[in-house]
Amino acid sequence: MKFGLFQLLHSADKGPAAEVYANALEQAKLADELGFEGIWLAEHHFSSYGYSPNPLTFAVKVADHTKHVRIGTAVVVLPLYHPVRLAEEIALSDQLTGGRLDVGIGRGYQRYEFERLGLNLDDSRPMFDEALEIILGLLTQESFSYDGKYYQIPETTIFPRPLQQPHPPFWIAAQSPPSIVDAVQRGYKCITGGSSAPSGRVLQSWEVFRDAVNEAGLSWPQEFTIQSQVHVAENDEAARAQTQNALWHLRSAGALRANTQRVEAGLAIEQPQPNEPDPQLMYDEWLLFGDAETTTRKLQRLLDTTGITYLNCVFAIGRLEHKEVLKSMERFARDVMPHFKDKVGLSGAVGTKA
C-alpha cells in the first residue's frame with residue numbers, strides 16, 4: 001500500500017500567501033523524508049479555499065525542496081486552460097521536476113471559478129474530452145492538428161518534449177459512477193473518495209471501479225486511490241477535538257459545488273450545509289482521525305472492504321496549526337504506515353484479499 005500527501009494550499013482565514021506556501025513546502029519536504037510516495041497539489045481560483053491557481057508551477061518548486069517523491073497535480077482543471085498552452089506547461093514541468101511529474105486531470109466542479117473565466121460549467125465534459133485528446137496528441141506526436149467544436153488547432157509542434165515517454169502518467173479525478181467508469185475505459189488511473197467522503201460513498205466508488213475493471217477485461221491488481229483527511233493525535237480525545245476542522249472542508253467544498261458559497265473579497269465564508277452530518281458520526285465512521293492505534297484500526301477497516309492501493313492523505317485541515325500538521329504526519333509515518341507496507345486490499349477479480 002502506498003501513501004501520498006495532498007495539499008489544498010488553503011487558508012480558512014485568508015492568511016498571507018507567503019505563509020501558505022512556506023508551510024506547504026515544509027510539509028512536502030517532511031513527506032519526502034518520511035517515505036511518502038507522492039505529493040499532490042490542488043488547483044483552485046479566486047477564493048481562500050485554495051491559493052494554487054497553477055499546480056504545475058508549484059510542482060517545480062516542490063521538486064526543488066524534495067529528492068525522491070513523485071509530484072502530482074490533483075487536479076489540473078482542463079477546461080480552464082487552452083490545451084496547447086497546457087501541453088507545453090506539462091512538458092516543461094516534467095523536464096524541470098526531473099521526470100517526477102504525475103498529471104492528475106479533471107473537469108472541475110466550481111461554477112464560481114468557471115464564470116470568472118468566462119466559461120460555462122455545463123460545457124465542462126465536452127471541453128474536457130477535446131482538451132485531453134489535444135494534449136495527448138501534442139505530447140506524443142511531433143506534429144499535431146485538431147478540428148473540434150471548442151478548439152481548432154493548426155499543425156503544431158511543442159517544445160520542450162516531455163522527459164517521461166510517451167508522457168507523464170495521467171490520473172483522472174472521478175467522483176460520480178459515470179466518471180469512474182469513464183476513467184477506467186480510458187485506461188487511466190483514478191483518484192476518488194474526496195477529502196471528506198463518507199465511508200459508504202467510498203465503498204460505492206470501489207464497487208463501481210471493480211465492476212468497470214472487470215467489464216473492461218483488465219487484469220488485477222489495478223490502482224485504486226482514495227483521498228481522505230487524516231489526523232493522528234496523542235490520544236483519541238485530542239483527535240476528536242479536530243473534527244471541527246474537517247467540517248470546514250465539508251462546508252466549503254459542498255457550498256462551492258452547489259454554487260452557494262459566499263465569497264467576500266476572496267474570503268470563503270464558512271456556513272453550515274443542508275443535512276450536515278453529526279460530527280460524532282464523522283469522527284467514528286469516515287474520518288481517519290484518532291491516536292495511532294485508532295487510525296490504524298480505521299484504515300484496516302477500509303482495507304478490508306475495498307481494493308484501496310493508494311491513500312492520499314490530507315493533513316492540513318481547516319484551521320489546524322502548521323506545527324500540529326507536522327506532528328500528525330510524523331506520527332502517521334512512524335506508527336501507522338509500517339502496518340500497511342506489505343498489505344493489499346480486496347482483489348476485484350475474486351472478491352477476496354489478493
Side-chain angles (χ1 to χ4, degrees), residues 1-42 44 48-52 55 58-74 100 195-196 226-249 252 282-283 287-296 298-299 310-341:
M1 189 172 178
K2 296 182 287 189
F3 297 92
L5 169 68
F6 174 79
Q7 297 190 307
L8 180 61
L9 287 91
H10 71 286
S11 176
D13 299 309
K14 204 172 77 170
E19 181 179 326
V20 172
Y21 300 139
N23 290 347
L25 289 171
E26 186 174 358
Q27 292 160 20
K29 185 174 184 294
L30 180 60
D32 188 41
E33 295 169 351
L34 292 174
F36 283 75
E37 177 79 13
I39 294 166
W40 296 85
L41 308 170
H44 286 293
S48 55
Y49 184 70
Y51 283 37
S52 181
F58 200 66
V60 174
K61 186 71 171 180
V62 170
D64 287 341
H65 285 71
T66 58
K67 297 179 180 179
H68 309 293
V69 289
R70 294 193 62 80
I71 305 158
T73 59
R100 286 194 276 149
S195 61
S196 302
I226 70 165
Q227 197 158 283
S228 182
Q229 294 178 2
V230 178
H231 182 68
V232 184
E234 291 183 352
N235 54 62
D236 285 348
E237 183 180 2
R240 192 182 298 275
Q242 299 301 336
T243 303
Q244 187 66 33
N245 282 314
L247 200 56
W248 179 90
H249 284 265
S252 299
M282 289 177 62
Y283 177 86
L287 289 174
L288 291 176
F289 281 29
D291 63 12
E293 182 179 352
T294 298
T295 305
T296 299
K298 289 180 175 181
L299 183 52
Y310 195 136
L311 178 67
N312 214 5
C313 303
V314 185
F315 288 105
I317 305 165
R319 294 176 174 85
L320 188 63
E321 292 185 9
H322 172 59
K323 64 181 181 180
E324 294 302 322
V325 173
L326 299 179
K327 289 178 183 178
S328 174
M329 291 175 61
E330 289 169 346
R331 293 187 187 107
F332 184 80
R334 182 187 65 234
D335 301 327
V336 179
M337 280 170 50
H339 292 282
F340 299 92
K341 180 179 179 181

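In summary, R331 and E234 engage in a salt bridge, as defined by a charged side-chain N under 4.0 Å from a carboxylate O. Using a 4.0 Å cut-off between charged side-chain N and carboxylate O, R319 and D13 make a salt bridge.
Using a distance-only test at 3.5 Å, with no hydrogens or angles considered, a donor-acceptor pair links the side chain of H65 to the main chain of K61. The main-chain N or O of V336 is never found under 3.5 Å from a side-chain atom of T296 such that the two would form a donor-acceptor pair. In this structure, the side chain of Q7 engages the main chain of A24 through a donor-acceptor pair within 3.5 Å. In this structure, the side chain of T243 engages the main chain of R240 through a donor-acceptor pair within 3.5 Å. Remark: side-chain polar atoms of D236 are not paired, donor with acceptor, to backbone N or O of G290 under 3.5 angstrom. R100 places a side-chain N or O within 3.5 Å of a backbone atom of A63 that can act as its donor or acceptor partner. A donor-acceptor pair is defined here as one N or O able to donate and one able to accept, closer than 3.5 Å; no such pair exists between the side chain of S328 and the backbone of E324. Distance alone, capped at 3.5 Å, is enough to place a donor-acceptor pair between the D32 side chain and the V69 backbone.
Among all heavy-atom pairs drawn from S52 and A42, the shortest one is OG-O, 2.8 Å. Nearest heavy atom pair, residue A333 against residue F36, reads CB-CE1, 4.3 Å. Nearest heavy atoms, A316 versus V325: CA-CG2, 3.8 Å. For the pair G318 and W248, the tightest heavy-atom approach, listed with the atom from each and the gap, is CA-CE3, 3.9 Å. A pairwise comparison of heavy atoms in S11 and V20 identifies CB-CG2, 4.0 Å as the closest pair.
Side-chain contact check for F340 versus L299: some heavy-atom pair is nearer than 4.5 Å. Within the 4.5 Å cutoff, the side chain of C313 has no heavy atoms near those of the F6 side chain. The side-chain heavy atoms of H322 and Q27, taken from C-beta on, include a pair separated by under 4.5 Å. In this structure the side chain of Y49 reaches within 4.5 angstrom of the side chain of L8, judged on heavy atoms. Between L25 and V62, the closest side-chain pair of non-hydrogen atoms falls below 4.5 Å. When side chains are defined from C-beta on, K341 does not count as touching F3, because their heavy atoms never get closer than 4.5 Å. Residues F332 and V230 have side chains in contact (heavy-atom distance under 4.5 Å, counting atoms from C-beta outward).
Going from atom CH2 of W40 over to atom CZ of R70 covers 8.0 Å, rounded to the nearest 0.5 Å. Distance CD/E37 to CE/M337: 9.5 Å, rounded to 0.5 Å. Rounded to the nearest 0.5 Å, atoms NE2 (H231) and CG (D291) are 11.0 Å apart. Between T66 atom OG1 and D64 atom CG the span is 8.0 Å, to the nearest 0.5 Å. Atom CG of residue L247 and atom CD of residue Q242 lie 12.5 Å apart, to the nearest 0.5 angstrom. Note that CD of Q229 is 10.5 Å distant from CG of L320, once rounded to the nearest 0.5 Å.
Neither side chain, E26 nor N23, offers a donor N or O lying under 3.5 Å from an acceptor on the other. Between the side chains of H68 and E33, no donor-acceptor pair of N or O atoms lies under 3.5 Å.
Geometrically, K298 engages Y283 in a cation-pi contact defined by less than 6.0 Å to the ring centre and at most 45° from the axis.
Centroid-to-centroid, the aromatic rings of H10 and H44 stay 6.0 Å apart or farther.
Sparse packing is recorded around CD of E293, with 12 or fewer heavy atoms of other residues, nucleotides or ligands lying under 6.0 Å away.
Ring pair F58/Y21 is tilted by interplanar angle, where 30° to 60° counts as tilted.
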Legend entry - S228 and V314: CA distance, side-chain angles, deciding distance, side-chain contact (heavy atoms from CB on, under 4.5 Å) verdict: CA-CA 6 Å; S228 182; V314 185; over 6 Å; no
Inset, instruction - Carefully, step by step, assess Q227 and Y310 under the rule side-chain contact (heavy atoms from CB on, under 4.5 Å). - result: CA-CA 9 Å; Q227 197 158 283; Y310 195 136; over 6 Å; no
